Amino acid sequence: MKTRISIILLILGVATVVHAQKYKIVKSEIVFFSEAPIEDITAINHDAIGIFNSDNNEIAIIVPVAKFEFDKELMKEHFNEKYMESEKFPRISFSGKVKGYNKKNQNKTDAVAEGKMSIHGVTKDIVTNGTIQADKNKLIFTSTFKIKLADYQIKIPQLMWQNIAEEIEITVYLELSPQ
Amino acid sequence: MKFNFAFLFLLILNVAFAQDDLLSELESQASDINTEVVGMFKGTRLINGHTVKTKGRGELDMIISHRFGTISSGPYELFGLDNASMRIGFDYGITDKLNVGIGRSSNDKIYDGFIKYNLLSQETGNGGNPFSMTLLAGITEKTTPRLRDFPEFTFVNRIGYSGSIMIARKFGDMFSLQMNPIWVHKNRVTAPETNNAFGVGTGFRVKLTRSLTLNGEYYARLNQRNMDGVYDAISLGFDIETGGHVFQLHLTNSAGMIDRVFLTETYGNWLKGDIYFGFNISRTFQLIK
């Protein structure tokens, strides 16, 4: 009995390692959008890295904060230095599960990502809606959601004149290929 | 039954670890991403001298600088506030790396122009540049006394040149240090001053809050140290940033706001209270997006 279970465990353990089908991000576009009375601010980041395990639907994404590109150099500077404090907290990360992914379904389907998001050193549980599409060997994930700056303890300096919205819209587009 | 529990426990453990593994798998990759260090210095000037920082493409930086009289001039002059010399200047970013600038100082009515090129930017991440490096080349024209009153002090006589190689590094997220060998040439000088002056600038910046920094700057002269009444320029100040503006408030023993003057014509002695209170206000306009 004892040995049998051990063997089952061993096989299961090995099986997980061998068969884990992992996808990694090959192309990404993460857009930050702030709508404020004085000016709208948009920033784009193409440098996200991430892995998706299609066996257990687990996903992990890291976005380097300093790689957000703005129209104006000064905005980028303020974003990094004053809001995100990207030297202390260089990365935004998400780790969790994607619900609604089915290997056999090739159509665009609605999906839900659920997990922990870490921004500005603060980790929060989040649930966001999005879509998944399988295109030949590729997987395409999209999602749009809003985050409140206050939730992540991102303070708006009182002296700042160009106001930034208290709620930011994030649009995520990820293209993944088998690793 | 006991084994089933153990199995279940292991399974849960396995799932819990898998998630962390996925993220930690990424962590090592993430540290290979090089990103430019931000906020090494707030402004393109530390106090009197330049920093390695260049304005971004299409940014026009208007800098208005004031130096009041010396604090040692006493209460009658309200400790220097009755007098002021100023420089108004514009820096422009042709690219993120290449800047040009012009300016005019009321002190000796000097016009100045320069080209500044950011050769290297310090990066975080494994294998990134360990420091920033910027080259600076300038030209100046002193227009006092008037050319028509003193034609023998010709246009060419009044020209000066300068060059500097600035190297800076940000240590952690609070402290930045810059060192820059500097050279100033004046076409005509009065003995014992020589045409070429060499020096080394050392500057630092400590971030106090998100919008406030403490800055210091010391320009040591390497030659011409025998000149009576000329001192090394030493300055201390604060930067306050409010959106598109940077306010720099400082105390310095130099009345000059350009290298030609602060390297070779700093007449103030800190020990005697020949300290000028001054400020720079810099306002950035985005001309091209």
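Below, read A as the first sequence line, B as the second, and so on, with proteins coming before strands; counting in each chain starts at 1. Values below: all heavy atoms of this structure, side chains included; hydrogens, waters and symmetry mates excluded. The model shown is predicted, which means the values in this text are computed figures rather than measured ones.
Annotation: the span from Ile51(A) atom CD1 to Gln29(B) atom CD amounts to 6.0 Å, rounded to 0.5 Å. Taking CD of Glu36(B) as the start and NZ of Lys67(A) as the end, the distance is 8.5 Å to the nearest 0.5 Å. Atom-to-atom distance recorded for Glu87(A):CD and Lys207(B):NZ is 6.5 Å, nearest 0.5 angstrom. Taking CG of Leu22(B) as the start and CG of Asn56(A) as the end, the distance is 7.5 Å to the nearest 0.5 Å. A distance of 5.0 Å separates CD1 of Ile62(A) from CG of Leu23(B), quoted to the nearest 0.5 Å.
Under the 4.5 Å side-chain criterion, counting only non-hydrogen atoms from C-beta, Ser86(A) is in contact with Val38(B). Between Glu85(A) and Asp173(B) there is no side-chain heavy-atom pair separated by less than 4.5 Å.
Neither the backbone nor the side chain of Lys116(A) comes within contact range of chain B; no heavy atom of the residue lies under 4.5 Å from a heavy atom of that chain. Within the 4.5 angstrom heavy-atom criterion, only side-chain atoms of Glu77(A), from C-beta onward, approach chain B. Of the atoms belonging to Ser31(B), heavy atoms from both backbone and side chain fall under 4.5 Å from chain A. Looking at Leu26(B), the atoms closer than 4.5 Å to chain A (heavy atoms on both sides) sit in the backbone and in the side chain alike. For Thr284(B), the part sitting under 4.5 Å from any heavy atom of chain A is the side chain, from C-beta outward, and nothing else. Only the side chain of Lys53(B) comes within contact range of chain A, with heavy atoms under 4.5 Å apart. If you measure heavy-atom distances from Gln286(B) to chain A, the contacts under 4.5 Å come from the side chain alone. Using a 4.5 Å cut-off between heavy atoms, Phe70(A) does not touch chain B at all. Residue contact with chain A, scored on non-hydrogen atoms closer than 4.5 Å, involves the backbone of Asn34(B) exclusively.
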Task: Test salt bridge (Lys or Arg N to Asp or Glu O under 4.0 Å) applied to Glu25(B) and Lys22(A), step by step - done: CA-CA 12 Å; Glu25(B) 206 175 315; Lys22(A) 283 184 181 172; 3.2 Å; yes
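Across Arg91(A), Lys88(A), Lys24(A), the residue that shares the most heavy-atom pairs under 4.5 angstrom with chain B is Arg91(A).
Heavy-atom contacts from other residues, nucleotides or ligands closer than 6.0 Å to CG of Leu208(B) number more than 12.
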